[in-house]
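To start, the structure itself, in structure tokens.
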Amino acid sequence: MLSALTTASADFDISHRTLTVLKALLTFLPDRDIPTEPGMAVVFPANRTLSERLNGMPESTLRRHLARLV
């Protein structure tokens with residue numbers, strides 16, 4: 001699923017950095033498989049925690065990419 005989105009990222013106007021944020025968000029899921037049920041793939045990491053996982057990405061940049069994903 002993520003590889004398909006990566007391949008089609010230009011069609012969705014999604015940048016490499018936005019995909020990196022998505023990949024970091026997926027690391028907060030308890031299992032490696034993405035749940036298929038609606039609402040089950042929701043995670044709530046703090047922006048600071050997510051920023052740390054993204055090697056110190058500034059929170060303002062992180063918020064911009066999160067908004068793009070939403």
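Just so it is clear, the structure is predicted and the values come from calculations on it, not from any experiment. Residues: numbered from 1 along the sequence shown.
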Side chain to side chain donor-acceptor pair (under 3.5 Å) partners of Thr27, counting only residues at least two apart: Arg53
For Arg68, side chain to side chain donor-acceptor pair (under 3.5 Å) partners two or more places apart: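 Not a single residue meets the side chain to side chain donor-acceptor pair (under 3.5 Å) criterion with Arg68.
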Kindly write out the residues that satisfy side-chain contact (heavy atoms from CB on, under 4.5 Å) with [X], not counting sequence neighbours, or none if the list is empty.
X     : result
Ala10 : none
Pro38 : none
Phe12 : Leu5, Ala8, Ile14
Glu52 : Arg48

Between CG on residue Leu62 and CG on residue Leu50, distance to nearest 0.5 Å: 4.5 Å
Qualifying side chain to side chain donor-acceptor pair (under 3.5 Å) pairs with a residue from residues 15-26, counting only residues at least two apart or across chains: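 Qualifying pairs: Ser15-Thr18, Thr18-His65.
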Expected output: side-chain Ser51 to main-chain Met57 donor-acceptor under 3.5 Å: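 Yes, because the side chain of Ser51 sits within donor-acceptor range (under 3.5 Å) of the backbone of Met57.
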Steps toward side chain to side chain contact (heavy atoms under 4.5 Å, CB included) verdict (Leu25, Leu66): CA-CA 10 Å; Leu25 283 168; Leu66 289 171; 3.7 Å; yes
